Number of protein chains: 2
Amino acid sequence: MVKMSDVAKLANVSTATVSRVLRSPETVKENTRQKVLSVIEELNYQPNILARHFRRSETNTILVIVPNIMNTVFAEIVGGIEQAAAANGYKVLLRNTNLDVRNEYEAIDHLKQRQVDGMILLSERLEKKTLLEISKQYPVVLASAYIEGLKVPTVSIDNISSSREATEHLIRLGHKRIANICGPLFSSISRDRLKGFKQAVYQNDLEVDSVLIQEGEFTFDSGYNQMLKFLALEVPPTAVFAANDEMAMGAIKAAKENGLKVPEDMAVVGFDNIKFSSMFEPALTTIAQPKYEMGKKAMELLLEQMQGVVHTKIQHVLDTNLVIRDSCGAKKAELV
Amino acid sequence: MVKMSDVAKLANVSTATVSRVLRSPETVKENTRQKVLSVIEELNYQPNILARHFRRSETNTILVIVPNIMNTVFAEIVGGIEQAAAANGYKVLLRNTNLDVRNEYEAIDHLKQRQVDGMILLSERLEKKTLLEISKQYPVVLASAYIEGLKVPTVSIDNISSSREATEHLIRLGHKRIANICGPLFSSISRDRLKGFKQAVYQNDLEVDSVLIQEGEFTFDSGYNQMLKFLALEVPPTAVFAANDEMAMGAIKAAKENGLKVPEDMAVVGFDNIKFSSMFEPALTTIAQPKYEMGKKAMELLLEQMQGVVHTKIQHVLDTNLVIRDSCGAKKAELV
DNA sequence: ATGAAAGCGCTAACAG
DNA sequence: CTGTTAGCGCTTTCAT
């Protein structure tokens with residue numbers, strides 16, 4: 001393995017100069033620089049990055065902790081992170097926790113051991129205390145996930161308002177008995193989406209029937225099963241707001257299987273605007289959240305932190321919008 | 001930052017012993033080990049992993065090059081890789097190339113610079129020559145992708161046979177005029193799936209009409225558009241084999257929009273068995289490929305390579321199976 | 001603008 | 001079983 005001293009020798013300079021050519025070329029005289037560069041070429045020299053990492057104790061690598069990379073929402077966020085990272089010369093270490101908190105705690109050691117320069121967390125399961133302590137010592141950004149009252153830069157959407165908007169859309173369409181399939185309530189995202197749903201219901205003086213709120217697991221099957229419960233009610237709802245698209249799809253399947261037409265007999269609105277929501281039939285009306293941009297923004301914030309910027313603005317809330325397709329009945333309503 | 005020498009001093013041993021406690025505890029006397037461990041705890045010592053990486057010139061990190069992490073097929077494979085990596089104490093560096101070959105060439109530098117101990121490639125766009133040279137010097141495994149005649153350990157499926165099976169299934173159901181929406185033909189995967197389709201058609205003495213083969217881009221829209229072409233034919237096909245599920249979904253949408261019933265008027269079979277293929281309506285008949293296992297297997301092979309094993313078996317072909325759902329008409333056929 | 005030289009923290013060969 | 005010691009290859013301070 002050819003090393004810096006080999007280059008130095010052949011170019012008749014010191015290793016310091018070679019190092020300068022690599023890291024701050026402007027401080028080296030044009031002549032010398034050319035000479036060194038040509039020797040580097042000639043010897044096909046590759047700097048030993050590990051030595052550099054060690055010496056500088058920085059790695060140009062960031063850690064991304066994701067609950068489940070097989071979930072399209074997370075995959076898109078990671079896509080955005082990776083793009084912004086690569087554009088800025090950073091590498092991405094991916095840790096998939098499979099929702100096991102122990103994996104998260106383990107992953108944090110990478111930070112402590114300086115194996116990474118910073119971390120983006122897409123999960124919200126770490127203890128607030130731990131996370132706060134970590135974030136005081138290392139650059140950390142939360143994306144999508146957020147933890148109440150935690151002073152860590154966070155990129156997210158307004159889950160409450162978005163859900164309220166989704167629900168109000170159903171109300172505007174004339175629905176009076178609206179059900180909600182919420183996400184697992186250990187998640188603050190789920191709790192917020194539920195909160196938004198309730199706000200819409202209360203503010204519009206609709207009946208509040210607790211049986212119309214059922215907790216799913218953000219999966220197709222759970223959406224399917226919760227919808228079956230609704231359909232079994234003496235007075236079933238006429239519309240359902242599901243806290244993510246997958247559950248919305250499951251709910252629609254259940255409705256159809258029970259002879260209901262969607263949206264005519266049962267209107268459904270989802271959340272996330274995953275790619276398949278437009279392919280589904282009926283195409284899903286849903287809240288579009290900017291997944292890729294969220295990742296990009298999170299990475300940008302992390303970069304700033306790593307450059308020493310101290311963020312005073314903690315919450316970065318990105319815009320969502322209601323995408324009206326076929327599952328809610330709005331389009332058909334217009335035609336009437 | 002507390003370092004090894006601090007621990008050594010306080011424990012009244014040498015740094016060598018501390019190092020041994022960390023890396024090969026069995027070579028240290030029980031007593032000494034306990035003493036050292038307690039000091040480590042006391043000082044809250046975190047080894048400087050960068051120093052270790054440097055010194056040992058290995059990183060316990062592998063590089064995964066993926067064309068597009070937002071594609072669920074790749075996301076699942078990456079999930080499998082990550083799981084096997086983590087289980088063996090390895091970290092995963094993720095590089096998303098967005099189908100830009102330059103990014104792949106760049107990524108390879110990580111190997112040359114020893115920033116990673118090995119690489120799993122899910123893409124097939126590097127020049128064969130380059131890849132061969134790389135694989136001679138560094139542990140490399142190809143997953144899903146494969147490059148003809150390249151002596152690099154590869155985990156894949158038999159795309160030819162699987163496609164033949166999918167097509168034969170349609171033939172068995174009585175279809176005589178079967179179309180194929182193939183993938184982009186720069187990809188060997190696409191070419192193989194096309195090959196399998198053709199084999200089935202030829203072997204069953206069906207008509208071979210070149211207009212019945214159209215190239216898509218593995219996207220919903222391209223499936224939709226190619227199906228429109230088929231429907232515009234004087235004699236449209238009665239069945240379509242699409243080289244992936246997304247295109248199959250697009251094709252079905254086009255058929256439905258043109259008043260055809262799927263599968264009654266138009267049978268469709270896809271490929272991949274992505275999660276959404278079972279949620280789609282009609283649920284997709286498709287070839288299931290073991291995406292997660294493929295990633296896992298690839299990582300296992302890579303681990304072996306990194307431990308010095310030289311693989312004589314180059315091609316590792318995992319099993320696929322035809323998942324019969326509703327889009328092909330087989331279930332309804334049975335009922336008759 | 002360049003060179004000399006120290007040293008980052010760890011590992012492993014060698015000696016005892 | 002444990003200690004001594006020599007680096008790994010780079011960056012950076014200090015001098016010139």
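Proteins get letters first, then strands, A, B, ... in listed order; numbering begins at 1 in each. Hydrogens, waters and symmetry mates play no part in the numbers below; they use all other heavy atoms, side chains included. These numbers were taken from a predicted model, which means no experiment stands behind them.
Side-chain polar atoms of A:Gln115 and A:Thr61 form no donor-acceptor pair below 3.5 angstrom. Using modelled atom types, one finds a donor on one side chain and an acceptor on the other under 3.5 Å when comparing A:Tyr146 with A:Asp192.
Between B:Pro25 and B:Arg20, every side-chain heavy-atom pair lies at or beyond the 4.5 Å cut-off. Side-chain contact check for B:Arg95 versus B:Leu63: some heavy-atom pair is nearer than 4.5 Å. In this structure the side chain of A:Glu82 never reaches within 4.5 angstrom of the side chain of A:Met299, judged on heavy atoms.
Nearest nucleotide to the side chain of A:Tyr45, out of C:dC10, D:dC10, D:dT2: D:dC10.
Within 6.0 Å of CD on B:Glu133 lie no more than 12 heavy atoms contributed by other residues, nucleotides or ligands. Few gaps surround NZ on A:Lys91; more than 12 heavy atoms of other groups in view lie less than 6.0 Å from it.
Summarising the geometry, the separation between CG on A:Leu22 and P on D:dT12 is reported as 12 Å, rounded to the nearest angstrom. Rounding to whole angstrom units, NZ of residue B:Lys3 and P of C:dT11 are separated by 14 Å. In this structure, CE of A:Met4 is placed 15 Å from P of C:dA4, rounded to the nearest angstrom. Atom P of nucleotide D:dC1 and atom CZ of B:Arg33 are separated by 10 Å, given to the nearest angstrom. Atom CG in B:Asn48 sits roughly 17 Å away from atom P in D:dC10 (whole-Å rounding). The CD1-C1' distance, from B:Ile40 to C:dC10, rounds to 13 Å in whole Å. Atom CD in A:Gln46 sits roughly 15 Å away from atom P in D:dG9 (whole-Å rounding).
If you check residues 5-19 of chain A against DNA chain D, the residues with a heavy atom closer than 4.0 Å are A:Thr15, A:Ala16, A:Ser19, listed by number. Residues of residues 50-62 of chain A that place a heavy atom closer than 4.0 Å to DNA chain D, in numerical order, are A:Ala51, A:Arg52, A:Phe54, A:Arg55, A:Arg56.
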In sequence, state the C-alpha distance, the side-chain angles, and the governing distance for B:Leu122 and B:Ile65, and then conclude on side-chain contact (heavy atoms from CB on, under 4.5 Å). CA-CA 6 Å; B:Leu122 305 192; B:Ile65 299 187; over 6 Å; no

If you apply the rule salt bridge (Lys or Arg N to Asp or Glu O under 4.0 Å), what do you find for A:Arg33 with A:Glu30, and how did you get there? CA-CA 5 Å; A:Arg33 190 172 64 227; A:Glu30 174 68 15; 2.4 Å; yes

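For the atom pair CG of A:Leu131 and CD of A:Glu104, the computed distance is 9.0 Å after rounding to the nearest 0.5 Å.
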For nucleotides 14-16 of chain D, give me every protein contact, N/O to N/O, under 3.5 Å, one pair per line with atom names.
none

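Between B:Lys29 and D:dC1, a side-chain N or O to OP1/OP2 separation shorter than 4.0 Å is absent.
Ring pair A:His311/A:His316 is perpendicular by interplanar angle, where above 60° counts as perpendicular and below 30° as parallel.
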